[in-house]
Student: 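Quick one: the structure is below, questions incoming.
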Amino acid sequence: MPDSVVVTDESGVRVIRMNRPEKKNALTQPMYAAMAAALREADGHATIRCVMFAGSPGAFCAGNDIGDFQHQADSGLAPDTMDFLHALVRNRKPLVAAVNGIAVGIGTTLLLHCDYVVAGSGAVFTTPFTRLGLLPEAASSLLAPLRMGHARAFALLIMGHSLSAEEAKAAGIVNAVVDPAAAEPTALKAAHEIAALPPGAVALSRRLMRGDLDAVAARVDTEAMHFKERLASDEARAAFAAFFARKK
Ligand code: COA
């Protein structure tokens, strides 16, 4: 079995690649754990100056594994998910992402923690939280309205309206839209550009730009508290069952 998360380091840039293409990179607990470890380790390595998230052709990430959600119905978001979310908030290295294809749920909300995002022209960003009986996570209930304004954040997070790559750019989630084949090379180029800058100046500037991280971390926890109730709700259980019944 190939690793579901592949971490590679090259010339000061760490690439964290979600690698479960047969399930469109839906995230499992081992994947969250591997990504949290890769972020924390990068934080501790002076030689790693930038971290880039990448996925597979056609699938950046299909969100949390819905089968895992069903298993978490009685316990709430699992520890590895929470650990990843907090690693994402507290991470001090600049974060770049290369998005091709679908970016669902956490596949979109993690981008709110990134500093430079390149999307392939066919990328689609969607957060179907309420349709699943759930609520926004990863502090997106705080960060998305700040980033794109309440009106656009409501359509995305609550109504589940998708954003095209160009719309995501207009909403301030994406820096550049390029041909799908160019998404990773373009993001990697930006990552190397960031890695070549004086790291102390970058770290301090980024820290100031990211604002009140305690408030962001607190929002992650508040959302998770409500997530626990929502995962156990009849609405969520019915939506998860409907997802797995859709091909029958
Ligand atoms: N959890 C578990 N399995 C998932 C998944 C998820 N979030 N997303 C995709 N998969 C699985 C599918 O069940 C399917 O598995 P199978 O081949 O064993 O049947 C496989 O990945 C391929 O997905 P499929 O639905 O056939 O691909 P598609 O291109 O038609 O659609 C999506 C892709 C992402 C639009 C669709 O799979 C989807 O809506 N997934 C759920 C996304 C979601 O709601 N995530 C949670 C957000 S909070």
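Below, all heavy atoms of this structure are taken into account, side chains as well, without hydrogens, waters or symmetry copies. Note that ligands are numbered from 1 as they come in the structure, with each ligand's atoms numbered from 1 the same way.
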Student: Other residues, nucleotides and ligands only: do more than 12 of their heavy atoms fall within 6.0 Å of CZ on R92?
Tutor: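 For R92, atom CZ is not crowded (no more than 12 foreign heavy atoms under 6.0 Å).
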Student: Could you list which atoms of ligand 1 come closer than 4.0 Å to a heavy atom of L132?
Tutor: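 Going through ligand 1 atom by atom, the ones under 4.0 Å from L132 are 44 (O), 46 (C), 47 (C), 48 (S).
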Student: By number and element, which atoms of ligand 1 are closer than 4.0 Å to a non-hydrogen atom of V104?
Tutor: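 Taking each heavy atom of V104 in turn, ligand 1 has 42 (C), 43 (C), 45 (N), 47 (C) under 4.0 Å.
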Student: Among all the protein's non-hydrogen atoms, which is closest to atom 23 (O) of ligand 1, and how far away is it?
Tutor: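 The protein heavy atom lying closest is K24 CG, 3.8 Å.
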Student: Of the protein's non-hydrogen atoms, which lies at the shortest distance from atom 6 (C) of ligand 1, and what is that distance?
Tutor: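 Going by distance alone, atom 6 (C) of ligand 1 is nearest to A26 CB, 3.5 Å.
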Student: Would E22 count as a contact of ligand 1 if the rule is a heavy atom under 4.0 Å away?
Tutor: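 Yes, E22 has a heavy atom closer than 4.0 Å to ligand 1.
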Student: Nearest protein heavy atom to atom 9 (C) of ligand 1, by residue and atom, and its distance?
Tutor: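 Answer for atom 9 (C) of ligand 1: K23 O, 3.8 Å.
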Student: Is it the case that T8 and R14 place a side-chain donor and acceptor less than 3.5 Å from each other?
Tutor: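 Side chains of T8 and R14: no pair found under 3.5 Å.
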Student: Could you verify whether a donor N or O on one side chain and an acceptor N or O on the other, from H45 and D9, lie under 3.5 Å apart?
Tutor: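 D9 and H45 do not have a side-chain donor-acceptor pair below 3.5 Å.
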Student: Going by a strict under-4.0 Å cutoff (protein heavy atoms only), does atom 29 (O) of ligand 1 have a neighbour on the protein?
Tutor: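 Protein heavy atoms within 4.0 Å of atom 29 (O) of ligand 1 - there is at least one.
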Student: One thing to verify: whether E184 and K189 come together as a salt bridge, which I'm taking to mean a side-chain N less than 4.0 angstrom from a carboxylate O.
Tutor: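 E184 and K189: not salt-bridged.
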Student: Considering only non-hydrogen protein atoms, determine which one is nearest to atom 1 (N) of ligand 1 and report residue, atom name and distance to 0.1 Å.
Tutor: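 Protein heavy atom at minimum distance: I66 N, 2.8 Å.
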Student: How long is the gap from CG on L156 to CE on M148, to the nearest 0.5 Å?
Tutor: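 CE of M148 is found 5.5 Å from CG of L156.
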Student: Go through ligand 1 atom by atom and flag the ones less than 4.0 Å from a non-hydrogen atom of P128.
Tutor: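 Checking each atom against P128, I get 44 (O).
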Student: Measure the distance from atom 41 (C) of ligand 1 to every protein heavy atom, then report the residue, atom name and distance (to 0.1 Å) of the closest one.
Tutor: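 Answer, as residue, atom name and distance: F243 CE1, 3.5 Å.
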Student: Within the structure, does A62 bring an N/O atom to less than 3.5 angstrom of an N/O atom in ligand 1?
Tutor: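 Looking only at distances, the answer is yes, because the N/O contact criterion of under 3.5 Å is met.
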Student: Salt bridge or not for D65 and R20, using N-O below 4.0 Å?
Tutor: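 Yes, D65 and R20 are salt-bridged.
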Student: Would you check if the side chain of R230 reaches a backbone N or O of L134 as a donor-acceptor pair within less than 3.5 Å?
Tutor: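 Checking the backbone N and O of L134 against the side chain of R230, no donor-acceptor pair under 3.5 Å is found.
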Student: For F84, which residues count as a ring pair (Phe, Tyr, Trp, His ring centres under 6.0 Å) partner, sequence neighbours excluded?
Tutor: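 Ring pair (Phe, Tyr, Trp, His ring centres under 6.0 Å) check on F84 returns Y32.
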Student: Is the F243-F69 ring centre distance short of 6.0 angstrom?
Tutor: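 Ring centres of F69 and F243 not closer than 6.0 Å.
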Student: Output yes when the distance from some N or O of ligand 1 to some N or O of L134 is under 3.5 Å, and no in every other case.
Tutor: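 No, since none of the N or O atoms of L134 sits under 3.5 Å from an N or O of ligand 1.
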Student: Could you tell me the residue and atom name of the protein heavy atom closest to atom 34 (C) of ligand 1, and the distance to it rounded to 0.1 Å?
Tutor: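 Of the protein heavy atoms, I102 CD1, 3.3 Å lies nearest.
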Student: Give a yes or no on whether a salt bridge exists between R90 and D43, defined as a side-chain N under 4.0 angstrom from a carboxylate O.
Tutor: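 Judged by the 4.0 Å cut-off on N to carboxylate O distance, R90 and D43 do not form a salt bridge.
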Student: Considering non-hydrogen atoms of the protein only, which is the closest contact for atom 14 (C) of ligand 1, and what is the distance?
Tutor: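 Checked against all protein heavy atoms, atom 14 (C) of ligand 1 sits closest to K247 NZ, 3.7 Å.
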Student: With a 4.0 Å cut-off on heavy atoms, is R246 touching ligand 1?
Tutor: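 R246 counts as a contact of ligand 1 under the 4.0 Å cut-off.
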